[in-house]
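Contents: one structure, followed by commentary.
First the proteins, then the strands, lettered A, B, ... as listed; each starts at 1. If you're wondering where the values come from, they're calculated on a predicted model, not measured in any experiment.
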Amino acid sequence: MQKYRTHNCNELNIKNKDQKIILSGWVNKKRDHGNLLFIDLRDNYGLTQCVIDKSNSFFKVLEKLQLESVIKVEGKVVERTKDTINSELKTGEIEVKIDSFVILGHCNELPMPIFSDQEYAEEIRLKYRFLDLRRKKIHENIILRSKIIEFIRSEMTKFGFLEFQTPILTSSSPEGARDFLVPSRLNPGKFYALPQAPQQFKQLIMIAGFDKYFQIAPCFRDEDARADRSPGEFYQLDMEMSFVEQEDVFEVIEKLMVNLFNKFSNKKLKYKKFPKIKFNESMIKYGTDKPDLRNPLIISDITDIFLRDDVKFEIFKKLVKSGSSVRAIVTKNTKDKPRSFFDGIDNWAKQEGASGLAYFTFEKNNKISARGPVGKLFSEESLKEIMKITSAEIGDSIFLACGKIYDLEKITSLARDKIAKELKLIDENEFAFCWIVDYPMFEKDQITKKFKFSHNPFSMPQGDIKKIDFKNPLNIMAYQYDIVCNGVELSSGAIRNHIPELMYKLFSIAGYDKKQVDEKFSGMINALSYGAPPHGGIAPGIDRIVMLLADEKNIREVTMFPMNQNAQDLMMNAPSEVGSDQLKELNLFLNKKK
RNA sequence: GGGGGUGUAGCUCAGUUGGUUAGAGCGAUCGCCUGUCACGCGAUAGGUCGCGGGUUCGAGUCCCGUCACUCCCGCCA
């Protein structure tokens with residue numbers, strides 16, 4: 001017979017009736033009737049009710065036992081009477097009559113209850129993460145994460161991809177996020193960096209001729225946290241393919257995502273074939289490059305309306321003359337919404353730092369008019385023109401924002417979400433994927449006014465290489481793409497630039513001369529000169545995929561041992577101070593700010 | 001770096017216009033209870049009201065500062 005258990009806590013049923021069995025697990029809950037005691041025993045798999053009465057010599061000890069202690073129970077499976085069956089439990093038709101038990105692990109008084117659906121402060125959850133992880137919801141989330149990763153591995157393998165590991169200690173790169181640095185003992189004064197992504201390695205794997213690579217890759221970026229962004233580390237499904245174009249990458253990822261999301265969620269996929277939206281179009285229509293396509297609202301640019309003489313909206317007209325734009329969101333058939341709805345949105349926008357949102361509703365009695373605080377300022381002809389541009393109809397309302405493009409995109413994007421939520425336009429039972437394509441290769445830095453790579457410097461520019469217009473870098477498009485689901489950016493990817501001369505040229509636009517490129521990207525640029533295949537890939541974020549499938553709003557709910565917002569591990573006390581011996585060995589001395 | 005929210009018993013929270021000894025549920029401890037599955041009943045213990053300062057006859061409550069957690073902006077090629 002097994003030492004600790006013959007069965008787990010989720011498998012006994014009526015077929016095991018009268019069997020002598022052994023279970024081990026945690027005391028989830030006790031119900032003490034004085035002369036009769038029920039114990040719910042829990043393990044990873046489920047719950048089994050155990051019962052003992054006063055005639056048993058173990059009764060007195062069990063009665064006093066702390067919840068969450070680990071015990072081994074020996075006993076007999078007995079059938080429950082009809083009126084005591086618990087249909088909520090898989091093991092609810094039976095219970096275990098305890099003959100004897102042993103305490104395997106004693107539990108002190110708990111800092112937080114395990115058996116409860118209550119929400120707890122993050123601080124205590126993270127400090128006692130091992131207890132928090134016993135709780136049903138998060139325990140299941142972590143199991144889901146494991147199953148998702150297993151499924152991804154098996155799918156990618158089926159698609160012919162090979163899984164490889166890449167170094168964790170690598171070199172710092174000048175682009176992108178802040179690096180985590182690791183001092184080198186053997187090379188005084190020099191540092192490794194933890195990889196922000198295995199970007200260069202996966203390209204080197206292609207150059208080495210492995211054709212199709214993937215990895216569930218840890219990535220490290222020293223940036224501030226958000227609800228959907230762990231500080232420090234996160235995981236990507238990193239993948240790369242040789243001899244491919246953009247469409248080939250899309251095909252693999254779409255197949256994977258469709259299979260994955262169908263398998264692990266009951267929500268339906270809005271698109272089997274993911275729509276492709278050009279970056280510039282997305283910025284106008286949705287104000288962002290990660291649009292939530294479940295949201296039907298569309299943003300339109302109606303700046304030209306404010307150049308007309310029959311429009312008297314002087315504040316906007318003045319701003320437009322000095323270079324501002326006007327963008328609008330139309331809501332369908334909202335003529336009966338109370339004033340408080342519109343003012344609520346307006347006030348919300350002011351809280352968000354915008355100057356507010358003007359609004360009116362299209363009406364028609366004898367002629368078309370606009371109802372609302374600024375309605376009188378628009379002529380019938382101008383209203384007709386607005387309706388044409390925005391596809392608005394009588395009975396619809398319109399929200400207007402005026403400002404510089406960058407600020408406008410921000411506020412209209414937020415307003416689009418806010419209004420849709422207020423009007424309950426978003427179907428929570430849907431996943432809406434899309435590709436954002438045709439990213440510009442460069443953008444102008446707002447402060448330095450210099451050109452910088454807008455995304456990945458290793459991306460391939462579009463079009464005939466010989467005809468690229470290097471004089472106007474902002475016009476150069478890249479084979480650079482993002483995949484977005486429900487407004488969550490899952491990943492960026494690109495077809496890579498495998499031509500060294502072109503790479504030098506592009507880097508020179510961003511202000512790096514040949515020598516700097518050779519220094520900073522020595523491994524890559526050198527390798528490209530020894531026969532590099534055309535290649536490309538992408539790297540969807542695992543944590544965010546699990547978040548979507550687990551229907552969680554916070555990444556810590558799908559991360560086993562997350563850090564808090566200040567990048568501290570409250571359970572392990574990381575980061576921590578180190579001894580002077582360690583520092584000395586690493587040739588470091590501290591210059592702490594007071 | 002900036003803005004918002006929160007901080008009261010081990011946990012989750014209530015605490016009115018500033019006013020007697022700061023409360024409840026869960027948990028803990030003790031007692032009663034043989035069919036519960038959020039078992040029930042009774043009792044007891046448990047508080048630096050995050051911390052520091054101020055206003056006031058009097059502060060959990062008002063003011064100033066500070067710390068922690070969290071959400072957002074910046075940042076995240």
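- Taking the P atoms as reference points, B/U8 lies 15 Å from B/C69, given to the whole Å.
- Remark: the separation of the P atoms in B/G18 and B/G60 is 13 Å, to the nearest Å.
- Taking atom CD on A/Q236 and atom P on B/C76, their separation rounds to 16 Å, with Å as the unit.
- Figure legend. B/A28 is base-paired to B/U44; pairs are counted as Watson-Crick or G-U wobble with both atom distances under 3.5 Å.
- One interatomic measurement links the two molecules: CG of A/D222 to P of B/C76, which rounds to 12 Å at whole-angstrom precision.
- A donor-acceptor pair under 3.5 Å is formed between the side chain of A/H139 and the backbone N or O of A/L133.
- Residue pairs meeting the ring pair (Phe, Tyr, Trp, His ring centres under 6.0 Å) criterion with at least one partner in residues 40-72 of chain A, sequence neighbours excluded, are A/F58-A/F101.
- If you check every strand for non-hydrogen atoms under 4.0 Å, A/K64 touches sugar and phosphate atoms only.
- The distance from atom CZ of A/R221 to atom C1' of B/C76 is 7 Å, rounded to the nearest whole Å.
- In this structure, the OH atom of A/Y120 is 18 Å from the P atom of B/G7, given to the nearest Å.
- Among the heavy atoms of the strands lying under 4.0 Å from A/P457 is at least one base atom, whether or not backbone atoms are also near.
- Nucleotide B/G1 has B/C73 as its partner under the Watson-Crick or G-U criteria, with both atom distances under 3.5 Å.
- Taking atom CG on A/D117 and atom C1' on B/C11, their separation rounds to 14 Å, with Å as the unit.
- Residues in residues 472-495 of chain A take part in these ring pair (Phe, Tyr, Trp, His ring centres under 6.0 Å) pairs, two or more places apart or across chains: A/F250-A/Y481.
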Readout for nucleotides 33-39 of chain B: B = base within 4.0 Å of protein heavy atom, S = sugar-phosphate only, - = neither; 5' to 3' it is BBBBBSB

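- Pairing for B/G65 goes to B/C51, judged as Watson-Crick or G-U wobble with the two contacts each under 3.5 Å.
- In this structure, the separation between NZ on A/K127 and CG on A/D132 is 14.0 Å, given to the nearest 0.5 Å.
- Residues that satisfy the side chain to side chain contact (heavy atoms under 4.5 Å, CB included) test with A/E422, not counting sequence neighbours, are A/F341, A/I345, A/K418.
- Within the nucleic acid shown, A/S454 comes within 4.0 Å of sugar-phosphate atoms alone, with no base atom in reach, counting heavy atoms only.
- Spacing of P atoms, B/G3 relative to B/A22, comes out at 37 Å, to the nearest Å.
- Using P as the reference atom, B/G35 and B/G47 are 38 Å apart when rounded to the nearest Å.
- When Watson-Crick and G-U wobble pairs are counted only if both distances are under 3.5 Å, B/C37 pairs with no nucleotide at all.
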In B/S/- notation, 5' to 3', how is nucleotides 65-75 of chain B contacted by protein heavy atoms closer than 4.0 Å? ---SSBBSBBB

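- In this structure, A/I114 places its CD1 atom 15 Å from C1' of B/U12, rounding to the nearest Å.
- Residues meeting the side-chain hydrogen bond (donor to acceptor under 3.5 Å, both in side chains) test with A/R556, sequence neighbours left out: A/E122.
- Nearest-nucleotide assignment on RNA chain B puts the 5′-proximal partner with A/P113, out of A/P113 and A/R544.
- Using C1' as the reference atom, B/C41 and B/U21 are 28 Å apart when rounded to the nearest Å.
- Between A/M571 and A/F561 there is a side-chain heavy-atom pair separated by less than 4.5 Å.
- Taking the P atoms as reference points, B/G31 lies 42 Å from B/U70, given to the whole Å.
- Computed from coordinates, the A/E109 CD to B/G46 P distance equals 14 Å when rounded to whole Å.
- For A/K82 and A/E93, the salt-bridge test fails: no basic side-chain N is under 4.0 Å from an acidic carboxylate O.
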Identify every side-chain donor-acceptor pair in residues 66-73 of chain A under 3.5 Å, counting partners at least two apart or on other chains, and give the distances.
residue : atom : partner : partner atom : Å
A/Q66   : OE1  : A/H106  : NE2          : 3.4
A/E68   : OE1  : A/R42   : NH2          : 3.0
A/E68   : OE1  : A/R134  : NH1          : 2.9
A/E68   : OE2  : A/R42   : NH1          : 2.9
A/S69   : OG   : A/Q66   : O            : 3.0
A/S69   : OG   : A/C107  : N            : 3.1
A/K72   : NZ   : A/K3    : O            : 3.0

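- A/Q196 comes within 4.0 angstrom of no nucleic acid atom, judged by non-hydrogen atoms across all strands.
- If you take atom C1' in B/U56 and the same atom in B/G19, they sit 12 Å apart, rounded to whole Å.
- Applying the 4.0 Å criterion to OP1 and OP2 of B/G10, one finds that A/Q118 has every side-chain N and O outside that range.
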Could you tabulate the donor-acceptor pairs under 3.5 Å formed by side-chain atoms of residues 515-526 of chain A, not counting sequence neighbours?
residue : atom : partner : partner atom : Å
A/Q516  : OE1  : A/D513  : N            : 2.9
A/D518  : OD1  : A/Y504  : OH           : 2.5

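- By the side chain to side chain contact (heavy atoms under 4.5 Å, CB included) test, A/P167 is found to be paired with A/F201, residues two or more places apart in sequence or in another chain being considered.
- The CD1 atom of A/I124 sits 12 Å away from the P atom of B/C13 (whole-angstrom rounding).
- Separating the P atom of B/G23 from that of B/C49 is a span of 14 Å, rounded to the nearest Å.
- Under the Watson-Crick or G-U wobble criterion, with both distances below 3.5 Å, B/U20 has no partner in any strand shown.
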